[in-house]
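Here the structure comes first, spelled out in structure tokens, and everything after it is commentary.
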Number of protein chains: 2
Amino acid sequence: MTKVKSRTVFVPPRRGRGTVDDPLSASGVRFTPQRRQVYEVLLSKRDHPTAEEVYLRAKSRMPEISLATVYNCLDTLVRASLVKQVNLNRTAARFCPNMNHHSHFHCDQCAEVFDIDGDAGTRRTAGRLPRGFKLRHLEMSLHGLCPTCAAKRQ
Amino acid sequence: MTKVKSRTVFVPPRRGRGTVDDPLSASGVRFTPQRRQVYEVLLSKRDHPTAEEVYLRAKSRMPEISLATVYNCLDTLVRASLVKQVNLNRTAARFCPNMNHHSHFHCDQCAEVFDIDGDAGTRRTAGRLPRGFKLRHLEMSLHGLCPTCAAKRQ
DNA sequence: ATTGAGAATTGGAATTATTCCAACTATTGA
DNA sequence: TCAATAGTTGGAATAATTCCAATTCTCAAT
């Protein structure tokens with residue numbers, strides 16, 4: 001059943017050290033070696049890895065990093081709006097460093113995830129909300145066949 | 001890691017017995033007592049219960065029903081397009097018998113889920129897809145504060 | 001009606017993804 | 001330099017869901 005999680009609220013701006021155009025430090029998150037590593041794993045191969053996959057990739061360059069830390073770092077990055085978390089039906093969450101407006105297309109056949117650019121995912125597409133609702137965030141997810149798998153089905 | 005699940009493909013039309021306007025039999029799904037019970041639980045209180053909640057409600061009228069069966073029935077109903085499965089971040093899936101076009105608003109405060117009617121969720125809102133993608137299904141989920149919780153924050 | 005094949009159900013065990021926890025380490029600001 | 005706070009670690013715990021093997025049910029053909 002559901003449990004309320006007490007979680008320290010994300011405290012945004014604190015002093016970072018890195019260059020100004022470094023999104024990690026610019027975001028106000030303290031950039032520890034682990035967080036940087038996790039972020040770089042995401043940036044270097046933008047294939048929407050799961051936490052487990054991020055862990056394996058990060059480990060190859062930083063062998064002592066733990067899975068728990070990867071989860072923590074991903075969580076921090078998501079809260080800092082540097083990374084998007086993509087939730088698909090019944091599978092592990094995936095992570096994506098593309099913060100432009102886009103939606104995700106999930107191929108039912110090969111299970112790959114594709115970024116679909118465009119304004120799907122902007123407030124506009126949400127339509128008119130009934131009075132009183134305060135929208136913070138929206139997410140559009142698409143399902144079907146990717147070009148490759150669609151072609152294979154003649 | 002991911003595993004490919006072998007699952008019997010859904011076989012639509014078979015002969016049912018119920019009245020023609022009964023969506024369960026009209027859908028071609030064999031309406032077993034358990035499936036009917038699960039479906040009725042969803043229809044009778046449309047508050048997006050989790051599988052566990054459906055199980056508890058169903059059990060009160062059909063004490064021998066098992067949780068595994070509830071999962072099976074929900075799965076069958078979803079495949080038969082009688083029920084929508086709503087996936088929210090990191091929590092149990094929820095189920096919804098409203099098959100009209102609508103999206104789901106998830107209150108970050110009270111965690112309740114609201115149906116938002118309108119064309120968000122129609123193909124149109126997906127925008128233009130790159131060549132080759134075959135869209136089958138789309139889902140829009142909204143996050144923020146529901147009217148009650150928004151008011152409490154004045 | 002009887003029967004046999006295929007479906008559905010059951011309870012419990014297993015799995016998967018994620019979170020929790022307590023001990024330890026690193027960093028920051030006074 | 002030191003205390004306070006934040007972050008990391010490994011392992012244990014939890015939650016949701018799936019799997020499995022045994023049983024029961026249903027349908028259709030005899």
Side-chain angles (χ1 to χ4, degrees), chain A residues 1-17 24-25 28-38 49-56 58-59 62-80 85-95, chain B residues 1-17 24-25 28-38 49-56 58-59 62-80 85-95:
Chain A
M1 300 264 94
T2 325
K3 189 175 26 156
V4 179
K5 25 191 156 186
S6 67
R7 190 186 270 293
T8 23
V9 177
F10 179 67
V11 185
R14 207 142 354 133
R15 184 117 322 278
R17 263 211 250 86
L24 238 188
S25 58
V29 185
R30 194 154 93 192
F31 63 109
T32 66
Q34 288 86 347
R35 286 176 182 172
R36 182 171 294 288
Q37 182 62 55
V38 164
T50 63
E52 182 84 25
E53 285 161 352
V54 171
Y55 169 58
L56 294 173
K59 214 158 96 152
M62 186 184 260
E64 347 65 51
I65 199 172
S66 75
L67 178 56
T69 297
V70 169
Y71 272 103
N72 289 339
C73 292
L74 287 170
D75 191 65
T76 304
L77 295 172
V78 168
R79 286 155 171 276
Q85 175 169 347
V86 187
N87 290 92
L88 303 162
N89 281 8
R90 303 171 172 216
T91 57
R94 292 165 175 281
F95 297 88
Chain B
M1 298 268 94
T2 326
K3 187 175 26 158
V4 178
K5 24 192 155 186
S6 67
R7 189 185 273 293
T8 23
V9 178
F10 178 68
V11 185
R14 204 144 356 136
R15 181 115 324 279
R17 264 210 248 84
L24 235 189
S25 57
V29 185
R30 193 154 95 193
F31 63 109
T32 66
Q34 289 85 349
R35 285 176 183 172
R36 182 170 295 288
Q37 182 62 54
V38 164
T50 63
E52 181 85 24
E53 285 161 352
V54 172
Y55 170 58
L56 294 173
K59 216 159 93 152
M62 186 185 262
E64 347 66 49
I65 200 172
S66 76
L67 178 56
T69 296
V70 169
Y71 272 103
N72 289 339
C73 293
L74 288 170
D75 191 64
T76 303
L77 295 172
V78 168
R79 285 154 171 277
Q85 176 170 348
V86 187
N87 291 92
L88 303 162
N89 281 8
R90 303 168 172 218
T91 57
R94 292 166 175 280
F95 297 87

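Numbered from 1 within each chain, the chains take letters A, B, ... in sequence-line order. Only this structure's heavy atoms are used, side chains among them; waters, hydrogens and symmetry mates stay out.
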Please give, in whole Å, the distance from D/dA6 P to A/D75 CG?
16 Å

Taking atom P of C/dT18 as reference, at what distance in whole Å does atom CG of B/N87 sit?
13 Å

Scanning both residues in full, the closest heavy-atom pair of A/R35 with A/L77 reads O-CD1, 4.3 Å

Mind calculating the distance between OH (B/Y71) and P (C/dT15) to the nearest angstrom?
18 Å

With sequence neighbours excluded, what pairs up with A/Q34 under the side chain to side chain donor-acceptor pair (under 3.5 Å) test?
none

What is the separation between atom CZ on B/R79 and atom C1' on C/dA8, rounded to the nearest whole Å?
14 Å

Measure the distance from CZ on A/R94 to P on C/dT18 and round it to the nearest whole Å.
10 Å

Among D/dA6, D/dC27, D/dT17, which is the nearest nucleotide to the side chain of B/A92?
D/dT17

Specify the closest pair of heavy atoms between B/A93 and B/N87, including all atoms of both residues, with the distance to one decimal.
CB-ND2, 4.0 Å

Output one line per pair: protein atom, nucleotide atom from nucleotides 9-11 of chain C, and distance, for all N/O pairs under 3.5 Å.
| residue | atom | partner | partner atom | Å |
| --- | --- | --- | --- | --- |
| C/dT9 | OP1 | B/T32 | OG1 | 2.6 |
| C/dT9 | OP1 | B/Q34 | OE1 | 3.2 |
| C/dT9 | O3' | B/Q34 | NE2 | 3.1 |
| C/dT10 | OP1 | B/Q34 | NE2 | 3.3 |
| C/dT10 | OP1 | B/E64 | O | 3.3 |
| C/dT10 | OP2 | B/S66 | N | 3.3 |
| C/dT10 | OP2 | B/T69 | OG1 | 2.5 |

Of all heavy-atom pairs linking B/A80 and B/V29, the shortest is CB-CG2, 3.2 Å

Spacing of B/R30 atom CZ relative to D/dT24 atom P, expressed in whole Å:
17 Å

What's the CG-P distance between A/L74 and C/dA17, to the nearest Å?
14 Å

Going by the rule side-chain contact (heavy atoms from CB on, under 4.5 Å), which residues pair with A/V78 if we only count those two or more places apart in sequence or in a different chain?
A/V83, A/Q85, A/F95

Distance in Å, A/M62 CE paired with A/T69 OG1, rounded so as to fall on 0.5 Å steps:
9.5 Å

Identify, with sequence neighbours excluded, every residue that meets side-chain contact (heavy atoms from CB on, under 4.5 Å) alongside A/A92.
A/T50

side-chain contact (heavy atoms from CB on, under 4.5 Å) partners for A/L67, two or more places apart:
A/E52, A/Y55, A/Y71

Terminal axis angle for the helix from C/dA1-D/dT30 to C/dA30-D/dT1, five pairs an end, nearest 10 degrees
30°

Nearest heavy atoms of A/V70 and A/A51, plus distance in Å
CG1-O, 3.7 Å

